[in-house]
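Chain naming here is simple, since letters A, B, ... match the order of the sequence lines and numbering starts at 1 in each.
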2 protein chains.
Amino acid sequence: MVADDSGSKPVTLTDVARLARVSVPTASRVLNGGVRGKASGTPELRRRVEEAARALGYSVSTAAQAIKDGRARTIALIVSDIDDFGSATVIAGVMHAAEERGLSVAVRTTRDDARRELDLLTKLRGERHRAIVLATSRTTDAEREAVLDEHLRLLQAQGASVVLIGDSDLPYPAVTVDNRGAAARLAVGLVDAGHRSFAVISGPTDQVTSRDRVEGFLEGLAERGITVPDDDVIHAPFSRDGGFEAVQRLGDRVGGFDVIAAMSDAMAVGAIASLRDRGIEVPNGIEVTGFDHVPMLGDVLPRFSTVEIPLEAFGEAALSLALDEAEGDERPTRIALPTETIVKGSVYAG
Amino acid sequence: MVADDSGSKPVTLTDVARLARVSVPTASRVLNGGVRGKASGTPELRRRVEEAARALGYSVSTAAQAIKDGRARTIALIVSDIDDFGSATVIAGVMHAAEERGLSVAVRTTRDDARRELDLLTKLRGERHRAIVLATSRTTDAEREAVLDEHLRLLQAQGASVVLIGDSDLPYPAVTVDNRGAAARLAVGLVDAGHRSFAVISGPTDQVTSRDRVEGFLEGLAERGITVPDDDVIHAPFSRDGGFEAVQRLGDRVGGFDVIAAMSDAMAVGAIASLRDRGIEVPNGIEVTGFDHVPMLGDVLPRFSTVEIPLEAFGEAALSLALDEAEGDERPTRIALPTETIVKGSVYAG
DNA sequence: ACGTCACTGGAGAACGTTTGCCAACACTGT
DNA sequence: ACAGTGTTGGCAAACGTTCTCCAGTGACGT
């Protein structure tokens with residue numbers, strides 16, 4: 001233990017230049033493939049610089065680059081929780097799309113805490129991202145959304161693109177799916193498959209996605225002449241535990257339904273667990289349906305009904321919006337991606 | 001098209017200082033809560049600066065800070081795929097632990113591509129992270145590991161801590177679980193529950209984790225006097241699709257087993273899907289077991305047997321290792337976390 | 001032989017922040 | 001009134017990189 005202390009410094013361009021016996025700018029030019037016309041420098045000189053860089057294990061400081069040209073080669077992605085069912089897929093999609101464009105992704109989580117969300121957006125301003133992709137679920141709480149809008153505006157003011165994933169009333173480019181229509185198709189499909197009495201369990205009423213799905217689902221049922229009493233629409237957290245809780249809240253009435261329609265696959269899983277607690281095994285006697293299409297569920301539960309949301313494709317769409325890769329002059333401010341309705345294993349596009 | 005170009009600049013400390021009519025260093029001192037003794041500056045002056053900062057929406061440039069003190073307030077986390085079952089949980093754990101320490105996490109993926117992995121580590125050198133947490137599954141390929149070691153060494157040389165999550169032969173601090181022992185306990189538990197004939201499906205043979213689990217499982221069976229012919233141990237990719245493929249490869253022999261023991265929950269899911277394709281519904285006639293404990297599976301599959309790995313706790317342990325929060329002088333280079341064996345819903349600690 | 005040209009590579013500045021240093025100032029005690 | 005003490009806030013430097021200049025070099029045409 002000679003206490004090296006690892007007081008070692010990173011290798012800088014200065015080190016490379018010194019070893020190659022050239023000036024710092026020259027080294028920079030060589031390593032950047034020649035900023036000027038084509039490749040810069042005498043072959044011999046290029047060789048010296050490249051070899052020095054390799055020998056020292058040099059890698060350019062992204063911080064210095066960021067400070068130089070005012071922005072980092074990064075985009076920020078904000079999700080509520082990273083280990084949500086959907087989030088990981090969305091993140092993967094964004095990362096993939098970003099990588100193709102030579103950008104890195106900084107993932108940040110809000111844990112559905114409005115306060116955290118604002119602090120986060122403040123910090124984000126200091127990180128000089130090229131774009132901010134906000135993939136948290138938006139609410140209908142006007143005041144909260146207004147404050148958020150304020151922060152996003154500041155981000156935009158410093159030159160960052162802001163893109164939303166999911167529905168909201170905020171005035172930014174957004175990638176969405178037609179939750180309402182998809183939910184309606186699911187409802188119709190379930191009725192056509194022979195089901196008649198439904199309980200609906202979903203997330204908080206002030207959450208835009210949750211609201212749209214419930215409304216769409218009820219509309220779909222209405223289309224087939226079926227109405228669901230308010231008491232049979234339960235709102236709980238939009239999560240596995242929320243699904244568990246929602247079924248508990250249905251109490252003894254649970255026996256009376258053909259279907260418990262959860263407005264997310266996570267809630268569906270919680271619902272199934274809760275039913276088992278009461279001694280009811282799905283799908284014997286009662287069926288649970290979901291929304292989102294977590295692939296694993298389809299593998300494990302035969303003939304599970306749900307709606308497939310193209311979570312991975314969100315990333316590509318969001319980045320093309322964010323980086324202003326619009327075709328025409330009028331920038332499209334909203335991309336609606338298609339969903340697929342899966343009823344008992346049969347797929348209906350839409 | 002007046003070509004506004006959104007040529008707007010980020011707000012800098014200079015802007016704040018100008019508005020508050022103080023010098024830049026003074027503004028810096030005020031906003032940092034006074035680098036000197038305690039709070040710095042006259043109350044009146046502090047007020048001016050803070051108000052100016054708020055009015056302009058100032059947020060300090062992390063890049064400038066990073067360049068100033070040689071390292072960023074970030075740690076890098078490398079995983080193979082972000083939407084793996086386990087990865088998201090590990091990431092969440094690391095993020096949580098990092099947040100408590102005021103650090104941000106940069107997540108990067110290798111997609112199990114050795115070449116990508118090296119490029120990534122090179123870029124990472126330029127990002128000046130405080131620590132690198134490598135959570136990809138390590139192999140027994142000596143040459144590949146040697147090259148990796150080389151790159152990690154360079155990272156260390158510039159002052160970054162390197163920590164591994166999972167087993168490997170590399171000489172770095174690591175957070176692990178006793179895969180071998182846990183697999184053995186699972187095997188014993190399954191035999192004691194009455195099972196007699198086993199097929200084992202696992203990841204590539206050169207993957208350390210996969211190897212350890214298979215060896216442990218076979219040892220556990222041997223302890224109870226059961227041996228598994230080599231033909232009944234199938235290696236395929238360590239994923240859902242790998243599990244599917246593995247069962248396909250078992251062919252008609254599949255009917256002869258009491259249990260198909262998958263060495264990861266993801267493979268178990270694929271195996272279940274594959275069995276259904278053949279008309280075999282789990283757990284009627286055959287049982288599939290897993291490893292990792294994806295919570296959702298337990299909800300959906302009653303009495304699913306698996307091993308719980310404390311994926312979330314990896315983060316905390318990794319960061320305490322990385323940030324050198326060792327107690328004594330002799331830094332612990334390895335933290336082994338406990339697992340729990342879950343056989344048909346019953347839990348056995350270990 | 002001299003002016004022109006294309007090109008090479010170095011000097012210096014700039015990006016935004018923090019920090020060491022120092023001059024100016026206010027206050028206290030004698 | 002004055003020396004001593006402590007505080008305040010500005011100046012300048014530094015971090016690593018890239019870009020704009022500019023002087024120098026050799027080739028070439030006249």
Side-chain angles (χ1 to χ4, degrees), chain A residues 9-50 52-53 56-73 123 125-128 158-159, chain B residues 7 9-50 52-53 56-73 123 125-129 158-159:
Chain A
K9 287 282 170 194
V11 177
T12 75
L13 194 50
T14 311
D15 301 323
V16 174
R18 186 182 318 122
L19 180 57
R21 294 182 318 263
V22 294
S23 73
V24 171
T26 299
S28 170
R29 278 188 289 252
V30 169
L31 294 177
N32 290 334
V35 190
R36 269 191 239 260
K38 300 201 165 184
S40 171
T42 296
E44 148 67 5
L45 183 144
R46 294 175 57 80
R47 200 194 52 73
R48 282 218 314 272
V49 172
E50 274 157 8
L56 294 172
Y58 171 77
S59 182
V60 58
S61 157
T62 54
Q65 284 183 321
I67 206 181
K68 190 63 176 56
D69 47 70
R71 46 206 50 265
R73 305 186 59 80
K123 273 194 197 150
R125 258 182 275 144
E127 299 181 4
R128 308 289 193 261
Q158 59 172 40
Chain B
K9 288 282 170 193
V11 177
T12 75
L13 195 50
T14 312
D15 301 323
V16 174
R18 186 181 318 122
L19 181 57
R21 295 182 317 261
V22 295
S23 72
V24 171
T26 299
S28 169
R29 279 188 286 251
V30 169
L31 294 177
N32 290 332
V35 190
R36 271 191 238 259
K38 300 202 165 181
S40 171
T42 295
E44 148 67 7
L45 183 144
R46 293 175 58 81
R47 200 193 53 74
R48 281 217 316 271
V49 173
E50 274 158 7
L56 294 172
Y58 171 77
S59 182
V60 59
S61 158
T62 54
Q65 284 183 321
I67 206 182
K68 190 64 177 53
D69 47 70
R71 45 205 51 265
R73 304 185 60 79
K123 272 194 197 150
R125 256 183 277 141
E127 299 181 4
R128 308 287 193 266
H129 297 283
Q158 59 172 39

**Asked** Among D/dC11, D/dT17, C/dG16, which nucleotide sits nearest the side chain of A/Thr12?
**Response** D/dT17
**Request:** Could you check which residues of residues 56-65 of chain A get a heavy atom under 4.0 Å from DNA chain D? Sort them by number, please.
**Result:** A/Tyr58, A/Val60, A/Ser61, A/Ala64, A/Gln65
**Request:** Report the residues that fulfil side-chain hydrogen bond (donor to acceptor under 3.5 Å, both in side chains) with A/Arg48, sequence neighbours left out, ordered by chain and then residue number.
**Result:** A/Glu44
**Complete:** Winner on side-chain proximity to B/Leu13, out of C/dG9, C/dT17, D/dT17, is C/dT17
**Prompt:** So what is the end-to-end bend of the helix from C/dA1-D/dT30 to C/dT30-D/dA1, with 5 pairs used at each end and the value given to 10 degrees?
**Reply:** 50°
**Prompt:** D/dT18 P sits how many Å from A/Arg73 CZ, rounded?
**Reply:** 11 Å
**Prompt:** So, is A/Thr14 close to the D/dG16 phosphate, meaning a side-chain N or O under 4.0 Å from OP1 or OP2?
**Reply:** no
**Message:** Within this structure, what is the CG-OH distance for the pair B/Leu19 and B/Tyr58, rounded to the nearest 0.5 Å?
**Reply:** 13.5 Å
**Request:** May I have the step-by-step check of side-chain contact (heavy atoms from CB on, under 4.5 Å) for B/Val49 and B/Leu31, ending in yes or no?
**Result:** CA-CA 8 Å; B/Val49 173; B/Leu31 294 177; 4.0 Å; yes
**Item:** Per B/Val24 side chain, nearest of listed nucleotides C/dT17, C/dA14, D/dG10
**Value:** C/dT17
**B/Arg128 CZ - C/dT17 C1' separation (whole Å)** = 17 Å
**Beyond-backbone contact of A/Val30 with A/Leu45, side-chain heavy atoms, under 4.5 angstrom** = yes
**Request:** Ignoring hydrogens and angles, answer whether the base of D/dG10 and the side-chain atoms of B/Arg29 contain a donor-acceptor pair closer than 3.5 Å.
**Result:** yes
**Request:** Apply the test side-chain contact (heavy atoms from CB on, under 4.5 Å) to residues A/Thr12 and A/Ser61: give CA-CA distance (whole Å), side-chain angles for both, the deciding distance (0.1 Å), then the verdict.
**Result:** CA-CA 8 Å; A/Thr12 75; A/Ser61 157; over 6 Å; no
**Contact under 4.0 Å: B/Ser28 side-chain N or O vs C/dT17 OP1/OP2** = no
**Asked** Between B/Arg46 and B/Glu50, does at least one N-O distance fall below 4.0 Å, as a salt bridge requires?
**Response** yes
**Complete:** d(B/Ser59 OG, A/Lys123 NZ) to nearest 0.5 Å is 9.0 Å
**Asked** Under 4.0 Å between a side-chain N or O of B/Ser23 and OP1 or OP2 of D/dG10?
**Response** yes
**Request:** Name the residue closer to the 5' end of DNA chain C, choosing between B/Pro25 and B/Ile67 according to the nucleotide with the nearest heavy atom.
**Result:** B/Ile67
**Complete:** Rounding to 0.5 Å, atoms CD1 (A/Ile67) and OG1 (A/Thr62) come to a distance of 11.5 Å
**Request:** Answer whether the closest heavy-atom distance between the side chains of B/Arg125 and B/Gln158 falls below 4.5 Å.
**Result:** yes
